[in-house]
2 protein chains.
Amino acid sequence: MKIDPRSPADLSAQIAQAIRDAIVSGRLIVDERLPSEAELADQFQVSRPTVREALKRLAAQSLIRTQRGASGGAFVNRLNFEDAYSQQITTSTLLLSMNAVSFDTACEARYALERACASLSAQRRTPDQLATMRAEIFRQAQPGLTDEAFCASDVAFHRALVDGAGNPVLSYQLAGAVEAMQPLMNMITFTARSREEIIALHTDIADALEAGDASSVDAALVKLELYTRKLAQDVAEQRRKPA
Amino acid sequence: MKIDPRSPADLSAQIAQAIRDAIVSGRLIVDERLPSEAELADQFQVSRPTVREALKRLAAQSLIRTQRGASGGAFVNRLNFEDAYSQQITTSTLLLSMNAVSFDTACEARYALERACASLSAQRRTPDQLATMRAEIFRQAQPGLTDEAFCASDVAFHRALVDGAGNPVLSYQLAGAVEAMQPLMNMITFTARSREEIIALHTDIADALEAGDASSVDAALVKLELYTRKLAQDVAEQRRKPA
DNA sequence: AATTTTTATTTGTCTGACATTTAAAAGTCT
DNA sequence: AGACTTTTAAATGTCAGACAAATAAAAATT
């Protein structure tokens, strides 16, 4: 674990990279304690604040956790899906909002991934997950629901659909795509008519999942994708000509 | 942008979160300059090292970049796909290696996502991407190739397949799944016989993509998934009984 | 007017110090 | 002896002040 003292600036970045490499390569294993900040400062021949900056970089990626007190210190963190989720959602949200990814592109990706889960979900969804979907559909049908609440319920519905595949890697991968789109979806005004349509398709999906009919789920998702893109297009057109 | 001075420890984490929220919510826009470290220290009523730790956390997530000198400072970074890729790959790799996700689970997720790209790729793949795939197939057929090099070429092949969908969000999402599996794949010994089989399936895929035949691509991917899982199973069995 | 020099600003790093937390060791009482 | 309390030491969290280095703008010079 060495750093290059010749390259002048950003020592903390170099140190962070050195430790990160040690973790990713397995030289540092889960729950192993790193040397204390003072020892690391000695090893790398830098000051403690510099070491601390490096450790904070790693903490931001959930690669380590720190504990105060005697026998405290920095420990290699067991990365859990929850931490990975939230990081992925932050990254995906920023990618969508800053990089001017079109709604169509994001939408296409989301439904492509979701359809990939559908066949697995048709085989494996638990009664509990099905109940969640039904409950969200019921919520979506409530009259006084705000657009935001409708969107949030939509996300919960699709989340349950994805989780139904019983594959945590898929759930993790998709969490970003689905949740990152929510800010964009929130810009859509859901009329009573469009809600009705979406709820009908959601019901189709739930029915097909209950019956274990993968191809019907797929068909409903295709329709839902087309409809979502149409709604977004209408919003874009109204914006262009707000008369 | 406020922090809670009552909760005692981890001021830098709170400050980082406050700034992160400002970026994600759009209150700070791309290329906007943050106040100088001294000003931030004033605003948050903390010392400069604490502010610096917060900024390093954000830098680790590629949310900001810093520049020295007059009119330097910390700027909101335009997150690019490349940065997002590498973060996703690091996260995914750690998730797979530390969280004891089974090879089957990872493999299932990977091929589910990849099949999601296949139909799009059949419509849109460029001649260039097709040529890349052919070139990788050719490389995979070379006799003296090491297992690692074979794996790397495999990744490149699948990467081209995914990129063929022409959807950067999908490419980004899948980069993690495909590349994170490489360390696991590297544990497989590819015999001449198994390479032959894989190359045949790769050729099927390339042919089907050239013909724009989505369902054939899908069928080949299903076969490839089954075969990959079988190979991994053989490795696992040999390990259990290494006689 | 063009070039060079100076200057001010900002991040990068260091030193040293104190506060706070925490587990273990030492001490004390029953 | 055992249970409880107190002390202690180690570690992170935070602060203050200083200097180095880079860099762009301003000033000075040719």
Side-chain angles (χ1 to χ4, degrees), chain A residues 1-20 22-23 28 31-77, chain B residues 1-20 22-23 28 31-77:
Chain A
M1 214 147 70
K2 291 266 172 69
I3 58 171
D4 183 3
R6 284 167 308 178
S7 51
D10 261 332
L11 290 175
S12 74
Q14 291 178 51
I15 293 170
Q17 191 58 51
I19 299 176
R20 184 162 29 238
I23 294 175
L28 288 170
D31 291 335
E32 186 171 340
R33 183 182 172 282
L34 280 89
S36 74
E37 295 176 355
E39 285 172 319
L40 286 172
D42 256 16
Q43 276 184 34
F44 288 113
Q45 290 283 302
V46 297
S47 68
R48 194 157 84 91
T50 302
V51 167
R52 281 182 64 78
E53 287 177 10
L55 293 180
K56 294 314 168 197
R57 293 178 119 108
L58 300 176
Q61 297 180 302
S62 306
L63 295 186
I64 62 170
R65 63 179 185 280
T66 55
Q67 234 175 354
R68 286 221 270 196
S71 76
F75 298 83
V76 177
N77 204 17
Chain B
M1 216 147 68
K2 290 268 171 67
I3 59 172
D4 183 2
R6 283 167 308 178
S7 51
D10 262 332
L11 291 176
S12 73
Q14 291 177 51
I15 293 170
Q17 190 58 51
I19 299 176
R20 184 164 26 239
I23 295 174
L28 288 170
D31 291 333
E32 186 171 340
R33 184 181 172 283
L34 279 81
S36 74
E37 294 176 355
E39 284 171 321
L40 286 172
D42 256 15
Q43 275 184 34
F44 288 113
Q45 290 283 301
V46 297
S47 69
R48 195 158 82 92
T50 302
V51 167
R52 280 183 63 79
E53 287 178 10
L55 293 180
K56 294 314 168 195
R57 293 177 120 107
L58 300 176
Q61 298 180 303
S62 307
L63 295 187
I64 61 169
R65 62 179 186 280
T66 55
Q67 233 176 353
R68 287 220 269 199
S71 77
F75 298 83
V76 178
N77 204 15

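Computed over heavy atoms, backbone and side chain alike; hydrogens, waters and symmetry mates excluded. Each chain gets a letter, A, B and so on, in the order the sequences are listed, and its residues count up from 1. Please read all numbers here as calculations on a predicted model, not as lab measurements.
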So if I take every side-chain heavy atom of [X] and compare against [options], which nucleotide ends up nearest?
{"X": "A:P49", "options": "C:dT9, C:dT22, C:dC14", "answer": "C:dC14"}
{"X": "B:T66", "options": "C:dG12, C:dC14, C:dA8", "answer": "C:dG12"}
{"X": "B:R68", "options": "C:dA23, D:dA21, D:dC15", "answer": "D:dA21"}
{"X": "B:E37", "options": "D:dT14, D:dA24, C:dG12", "answer": "C:dG12"}
{"X": "B:S36", "options": "C:dT11, C:dT9, D:dT14", "answer": "C:dT11"}
{"X": "A:R52", "options": "D:dT14, D:dA22, C:dT21", "answer": "D:dT14"}
{"X": "A:K56", "options": "D:dG13, D:dT14, D:dA22", "answer": "D:dG13"}

Non-hydrogen atoms of A:A13 and A:R57 that approach each other most closely:
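Answer, listing the atom of A:A13 first, then A:R57: N-NH1, 3.7 Å.
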What heavy-atom pair brings B:F44 and B:I15 nearest, and what distance separates the two atoms?
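Distance-wise, the nearest heavy atoms are CE1-CG2, 3.7 Å.
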May I ask you to verify if any side-chain N or O of B:T50 is less than 4.0 angstrom from the OP1 or OP2 atom of D:dC15?
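Yes, within the criterion.
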Please determine if a side-chain N or O atom of A:S12 lies less than 4.0 Å away from the OP1 or OP2 oxygen of C:dG12.
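For C:dG12, neither OP1 nor OP2 has a side-chain N or O of A:S12 closer than 4.0 Å.
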Contact class for B:R33 (heavy atom, under 4.0 Å): base, sugar-phosphate, or nothing?
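The residue B:R33 makes sugar-phosphate contact but no base contact.
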Starting at CG of A:L40 and ending at P of D:dG13, how long is that distance when rounded to a whole Å?
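From A:L40 CG to D:dG13 P: 13 Å.
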d(CD, A:Q14; C1', C:dG12) in whole Å:
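It works out to 12 Å between those atoms.
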Identify, between B:Q45 and A:S71, the residue whose nearest nucleotide on DNA chain D lies closer to the 5' end.
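Going by which nucleotide is closer to the 5' end, it is A:S71.
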With no hydrogens and no angle check, is any side-chain donor or acceptor of A:R33 less than 3.5 Å from a backbone partner on A:G72?
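It does hold such a pair.
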Check for a donor-acceptor pair, side chain of B:R65 on one end and backbone N or O of B:V76 on the other, with a separation under 3.5 Å.
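Checking the backbone N and O of B:V76 against the side chain of B:R65, a donor-acceptor pair under 3.5 Å is found.
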Residue mapping more 5' on DNA chain C - nearest nucleotide basis, B:G69 or A:G69:
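Mapping each residue to its closest nucleotide by heavy atoms, the 5'-most match is B:G69.
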Got a donor-acceptor pair under 3.5 Å from the side chain of B:R48 to the base of C:dT13?
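Pair found.
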With a 4.5 Å cut-off on side-chain heavy atoms, are B:I19 and B:L55 touching?
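They are in contact (side-chain heavy atoms under 4.5 Å apart), so the answer is yes.
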